[in-house]
Amino acid sequence: MTTITLVRGDITRESADAIVNAANSSLLGGGGVDGAIHRRGGPAILEECRELRAGHLGKGLATGLAVATTAGVLEARWVIHTVGPVHSTTEDRSELLASCYRESLRVADELGARTVAFPAISTGVYRWPMGDAARIAVTAVREADTEVEEVRFVLFDDRAHAAFAAQLG
Ligand code: AR6
């Protein structure tokens, strides 16, 4: 049974077995959550991302998939990097966004992570409307078959927190 919790704050300040990064397919960093995780987590994370790119992820990580690295000096054992879809008004990419949550939880299970902190994937640079993203995120986690005991959504502002709270009812 997975418990879903919500907190308002900066995900890089959280303590959890795994912290999920809203990455891009290069895995080599960016803005938003990605920038914050690499800044606070230190260079070991990027180093491992580069190794992944030099190895089996030569073409990068596809949208909707997830991969783990060290969490560097963050208060976590792992960072799970996942690539959200860019929001589109002409194409329904909801399945890819749901897949980010499912795949991250699958990787968490492989690692044996029991507490996992997620940001609101795709709702920043990738422009996904917050209410819809919250619905997809909460539904995907509720429907996931996982050993993870706590999924913690870490929301950056009141608007995001309210959107996720509305989904949890
Ligand atoms: N803690 C928690 N939430 C945060 C934080 C933080 N420290 N910083 C931002 N948010 P984004 P995306 C919120 O842009 O839309 C990067 O450049 C933010 O307010 O981080 O999936 C990557 O490299 C928003 O609600 O991720 C990719 O190129 C949410 O986290 C691209 O952005 C996600 O915003 C990914 O875009």
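For ligands, and for the atoms within them, numbers begin at 1 and follow the listed sequence.
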Considering only the protein, which heavy-atom contact is closest to [atom], and what is its distance?
| atom | answer |
| --- | --- |
| atom 15 (O) of ligand 1 | Gly124 N, 2.8 Å |
| atom 25 (O) of ligand 1 | Thr123 OG1, 2.6 Å |
| atom 21 (O) of ligand 1 | Ser122 N, 2.8 Å |
| atom 33 (C) of ligand 1 | Ala120 O, 3.3 Å |
| atom 6 (C) of ligand 1 | Phe156 CE1, 3.4 Å |
| atom 1 (N) of ligand 1 | Ile11 N, 2.9 Å |
| atom 30 (O) of ligand 1 | Val33 CG2, 3.4 Å |
| atom 14 (O) of ligand 1 | Val125 N, 2.8 Å |

Should you measure from each heavy atom of [X], which atoms of ligand 1 turn up under 4.0 Å away?
| X | result |
| --- | --- |
| Gly9 | 1 (N), 2 (C) |
| Asp34 | 22 (C), 23 (O) |
| Met130 | 25 (O) |
| Gly30 | 17 (O), 23 (O) |

Side chain or backbone, does [X] bring an N or O within less than 3.5 Å of an N or O on ligand 1?
| X | value |
| --- | --- |
| Ala22 | no |
| Leu155 | no |
| Gly32 | no |
| Arg127 | no |

Would you say the side chain of [Y] lies within less than 4.5 Å of the side chain of [X], judging by non-hydrogen atoms?
| X | Y | answer |
| --- | --- | --- |
| Phe118 | Ile80 | no |
| Val151 | Thr3 | no |
| Glu48 | Val79 | no |

[atom1]/[X] to [atom2]/[Y] distance, rounded to the nearest 0.5 angstrom?
| X | Y | atom1 | atom2 | value |
| --- | --- | --- | --- | --- |
| Leu155 | Asp158 | CG | CG | 10.0 Å |
| Ser99 | Ile121 | OG | CD1 | 9.5 Å |
| Thr82 | Asn21 | OG1 | CG | 9.0 Å |

Judged on heavy-atom distance to [atom], which of [options] sits nearest?
| atom | options | answer |
| --- | --- | --- |
| atom 7 (N) of ligand 1 | Asp10, Val7, Leu28, Asn24 | Asp10 |
| atom 17 (O) of ligand 1 | Ala133, Gly84, Gly31 | Gly31 |
| atom 27 (C) of ligand 1 | Phe118, Tyr126, Trp128 | Tyr126 |

Which donor-acceptor pairs under 3.5 Å do the side chains of residues 130-146 make with protein atoms, sequence neighbours left out?
residue, atom, partner, partner atom, Å
Asp132, OD1, Arg135, NE, 3.2
Asp132, OD1, Arg135, NH2, 2.7
Asp132, OD2, Trp128, NE1, 3.0
Thr139, OG1, Arg135, O, 2.7
Thr146, OG1, Asp109, OD1, 3.0
Thr146, OG1, Asp109, OD2, 3.1
Thr146, OG1, Val148, N, 2.9

#### Entry: Glu47 bridged to Arg50 by N-O distance under 4.0 Å
no
#### Entry: Glu147 and Arg106: CA distance, side-chain angles, deciding distance, salt bridge (charged side-chain N to carboxylate O under 4.0 Å, His left out) verdict
CA-CA 9 Å; Glu147 297 298 311; Arg106 191 182 58 73; over 6 Å; no
Which donor-acceptor pairs under 3.5 Å do side chains of residues 12-20 form with protein atoms, sequence neighbours excluded?
residue, atom, partner, partner atom, Å
Thr12, OG1, Asp10, OD1, 2.8
Thr12, OG1, Asp10, OD2, 3.2
Thr12, OG1, Arg40, NE, 3.0
Glu14, OE1, Arg152, NH1, 2.7
Asp17, OD2, Arg114, N, 2.7
Asp17, OD2, Thr115, N, 3.2

### Query
Among Ile4, Thr2, Thr5, Val116, which residue meets the side-chain contact (heavy atoms from CB on, under 4.5 Å) test with Glu150?
Thr5
### Message
With a 6.0 Å cut-off (strictly less than), is the heavy-atom count around CZ of Arg53, excluding the residue itself, greater than 12?
### Response
yes
### Message
Looking at ligand 1, is there an atom of it that comes within less than 4.0 Å of some heavy atom belonging to Ser26?
### Response
no
